[in-house]
Trainee: 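Pasting in a structure now, in structure tokens, and then I'll have a few things to ask.
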Amino acid sequence: MNRDYKFLAFRGGGRPERRHPARHHLLLLALGAGLTALVIGLTPDNAGATRGRDAALQQAPAGSPNFRTVSGELPLPPQLPSGAAEPAPDSATQPVTAPEAAGQWLSVTVAPGDNMALIFKRNGLSARQLFEVLQLGKPVSHLKHLYPGETIKLRIDGQHRLLELVHQTDPVHSLHVRATGDGFSAQEVARSVEIRQAYATATIEDSLFQAAQDAGLPDNLTMELATIFGWDIDFALDIREGDHFTVVYEQKYLNGERIGDGNIIAAEFTNRGKTYRAVRYTDASGHTDYYSPDGRSMRKAFLRTPVKFTRISSRFSLHRMHPILNRIRAHKGVDYAAPTGTPIRATGDGRVTFRGRKGGYGRVVVIQHGHGYSTLYGHMSAFNRHVHVGTRVRQGQVIGYVGMSGLATGPHLHYEFRIHGVHRNPLTVKLPTAQPLPARYRTGFQRHSTRLIAQLEVLDRSRLARN
């Protein structure tokens with residue numbers, strides 16, 4: 001027998017069939033490979049599962065609220081029977097990836113001509129979402145009036161859905177809009193502000209404004225100072241060189257940085273040798289006003305001056321030569337020269353009884369104040385469009401604007417003050433006072449007032465020592 005034939009097989013004919021040993025080995029190898037594949041197919045790939053789990057965890061950023069670190073092994077998914085089809089993914093049960101759940105913050109700076117519709121469109125947000133946000137009412141009203149340079153922060157998910165919006169309306173207040181299950185909610189958030197006390201004291205050499213600026217008092221508080229004492233002092237006429245003032249006021253700080261000023265707490269003004277003092281006080285009912293140290297209201301029933309910071313061009317006189325008619329004609333009021341368009345304020349609460357043209361007065365408003373008092377404002381360039389005959393006006397409310405309508409040589413306000421129809425000199429007439437502080441609040445006010453008046457006295461002595 002040839003040595004190349006090692007195995008013999010017999011068929012029905014009895015003839016032997018020879019098989020090559022190399023082919024036999026190939027069959028054994030194929031059979032082994034099949035068994036191995038079957039075992040592998042039925043055994044979970046622990047290494048692959050571990051790699052997938054690690055990759056999923058690495059997608060979550062540190063500190064993400066949608067992920068938490070836990071100990072132990074994650075459970076492996078159940079095995080499918082051989083030949084079973086993969087089920088379709090269910091979005092309601094699929095885990096959300098960390099970037100989509102947390103969303104992406106975008107900071108948008110408002111450009112000239114920008115509005116929320118343009119900002120939403122540029123950032124892939126739908127008009128429907130903007131409509132739902134603007135339907136939240138008053139809290140989001142600032143979003144309808146944006147100004148260049150403002151910043152709006154948007155948090156948007158991978159599906160271009162708005163998750164959160166933050167708009168800083170001022171250094172203290174901000175609007176927060178957040179997505180909810182059925183729309184959006186809005187909340188106004190206020191940061192905690194520290195209130196500190198500051199003071200300013202100065203002697204007037206040129207003007208009140210210049211002295212206040214030299215003392216570091218902001219312009220808005222200078223105006224408030226003039227308003228507080230405006231019932232007793234005519235700042236257009238009465239200010240003299242050598243007058244002096246002392247003011248204690250609030251300053252606002254946020255995180256140690258000054259962000260603005262508050263109210264005047266106490267003030268003292270010496271005009272022509274007479275000293276006036278005022279203290280800000282809020283009573284138990286929540287009403288706030290300025291009072292003299294003895295509890296009298298600093299307010300009067302009438303303002304002394306209907307326009308702010310101007311000059312008197314013509315005084316009250318019964319024997320004045322009229323500049324246009326060139327003859328003696330009584331001037332039963334006071335003329336305040338001021339630029340055209342300067343606001344004119346009602347000097348007291350009352351009801352408008354006339355609004356229109358009246359001969360040489362030009363455009364005129366007449367107000368009846370009750371108890372026999374009435375005031376007239378003439379030569380206006382225009383009326384406040386909200387003021388008509390029958391309108392109730394408040395003290396200090398703008399009723400019109402300075403002009404030179406009627407017989408006038410230049411822009412000014414002609415102001416008259418009448419008691420029971422008789423003209424009185426607005427500069428010297430004794431004005432009725434407002435109601436004093438109620439007696440039930442006097443004890444608390446005295447404690448509050450005594451401390452602040454002592455502060456004013458110390459500051460005034462310091463001013464004298466410097467001079």
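The figures here come from the full heavy-atom set of this structure, side chains too, leaving out hydrogens, waters and symmetry mates.
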Trainee: Determine whether a donor-acceptor pair (N or O, by modelled atom type, separation under 3.5 Å) exists between the side chain of Thr282 and the backbone of Gly286.
Mentor: no

Trainee: Give a yes or no answer on whether the side chain of Arg357 reaches the backbone of Ser405 with a donor-acceptor pair at less than 3.5 Å.
Mentor: no

Trainee: Carefully, step by step, assess Asn271 and Asp238 under the rule side-chain hydrogen bond (donor to acceptor under 3.5 Å, both in side chains).
Mentor: CA-CA 7 Å; Asn271 171 242; Asp238 293 343; 5.9 Å; no

Trainee: Judged by atom type as modelled, is there a donor-acceptor pair below 3.5 Å linking the side chain of Asp283 to the main-chain atoms of Tyr441?
Mentor: no

Trainee: Identify each donor-acceptor pair in which a side-chain atom of residues 110-132 lies under 3.5 Å from a protein atom, sequence neighbours left out, and give them as a table.
Mentor:
{"unit_1": "Asp114", "atom_1": "OD1", "unit_2": "Arg122", "atom_2": "NH1", "d": "3.0"}
{"unit_1": "Asp114", "atom_1": "OD2", "unit_2": "Ala111", "atom_2": "N", "d": "3.0"}
{"unit_1": "Asp114", "atom_1": "OD2", "unit_2": "Arg122", "atom_2": "NH2", "d": "3.0"}
{"unit_1": "Asn115", "atom_1": "OD1", "unit_2": "Ala117", "atom_2": "N", "d": "3.1"}
{"unit_1": "Asn115", "atom_1": "OD1", "unit_2": "Leu118", "atom_2": "N", "d": "2.9"}
{"unit_1": "Asn123", "atom_1": "ND2", "unit_2": "Ile119", "atom_2": "O", "d": "2.8"}
{"unit_1": "Ser126", "atom_1": "OG", "unit_2": "Gln129", "atom_2": "N", "d": "3.2"}
{"unit_1": "Ser126", "atom_1": "OG", "unit_2": "Gln129", "atom_2": "NE2", "d": "3.2"}
{"unit_1": "Arg128", "atom_1": "NE", "unit_2": "Glu132", "atom_2": "OE2", "d": "3.3"}
{"unit_1": "Gln129", "atom_1": "OE1", "unit_2": "Leu162", "atom_2": "N", "d": "2.7"}
{"unit_1": "Gln129", "atom_1": "NE2", "unit_2": "His160", "atom_2": "O", "d": "3.2"}

Trainee: If the plane angle is over 60° it's perpendicular, under 30° parallel, otherwise tilted; pick one for Phe269 and Phe235.
Mentor: perpendicular

Trainee: Would you please say whether a donor-acceptor pair under 3.5 Å links the side chains of Glu224 and Asn220?
Mentor: no

Trainee: Check Arg277 with Glu457, please: is the shortest side-chain N to carboxylate O separation under 4.0 Å?
Mentor: yes

Trainee: Once you measure the plane-to-plane angle for Tyr415 and Tyr336, does it fall in the parallel (<30°), tilted (30-60°) or perpendicular (>60°) bin?
Mentor: tilted

Trainee: Closer than 3.5 angstrom, by distance alone: can the side chain of Thr227 be matched with the main-chain N or O of Met223 as a donor-acceptor pair?
Mentor: yes

Trainee: Taking only Lys NZ, Arg NE, NH1 and NH2, and the carboxylate oxygens of Asp or Glu, determine whether Lys300 and Asp232 approach each other closer than 4.0 Å.
Mentor: yes

Trainee: Is it the case that more than 12 heavy atoms not belonging to Arg385 sit under 6.0 Å from its CZ atom?
Mentor: no

Trainee: Return yes if a side-chain donor-acceptor contact under 3.5 Å exists between His369 and Thr375, otherwise no.
Mentor: yes

Trainee: Ring of Tyr373, cation from Arg418 - is the NZ or CZ under 6.0 Å from the centre and inside 45° of the axis?
Mentor: no

Trainee: Would you please test Arg463 and Asp460 for salt bridge (charged side-chain N to carboxylate O under 4.0 Å, His left out) and show each step?
Mentor: CA-CA 5 Å; Arg463 178 190 62 83; Asp460 195 47; 3.0 Å; yes

Trainee: Taking the six-membered ring for Trp, is the centroid-to-centroid distance between Phe302 and Phe417 below 6.0 Å?
Mentor: yes

Trainee: Does the plane of the ring in His412 sit parallel, tilted or perpendicular to the ring in His379? Use 30° and 60° as the thresholds.
Mentor: tilted

Trainee: Yes or no on salt bridge (charged side-chain N to carboxylate O under 4.0 Å, His left out) for Glu250 and Arg280, after CA distance, side-chain angles and deciding distance?
Mentor: CA-CA 12 Å; Glu250 298 172 330; Arg280 180 183 173 90; 5.8 Å; no

Trainee: Is a side-chain donor-acceptor pair under 3.5 Å present for Thr270 with Thr275?
Mentor: yes

Trainee: Between atom CZ of Phe245 and atom CD1 of Ile233, what is the distance when rounded to the nearest 0.5 Å?
Mentor: 11.5 Å

Trainee: Using the side chain to side chain contact (heavy atoms under 4.5 Å, CB included) criterion, which residues pair with His173? Sequence neighbours excluded.
Mentor: Thr169, Asp170, Ala190

Trainee: With a 6.0 Å cut-off on ring centres, are Tyr361 and His414 close enough?
Mentor: yes

Trainee: Please lay out, stage by stage, how His167 and Ser174 fare under the test side-chain hydrogen bond (donor to acceptor under 3.5 Å, both in side chains).
Mentor: CA-CA 6 Å; His167 178 215; Ser174 60; over 6 Å; no

Trainee: Above 12 or not: heavy atoms from other molecules or residues under 6.0 Å from CZ of Arg196?
Mentor: yes

Trainee: Which pairs count as side chain to side chain donor-acceptor pair (under 3.5 Å) when at least one residue sits in residues 446-456, sequence neighbours excluded?
Mentor: Gln197-Gln455

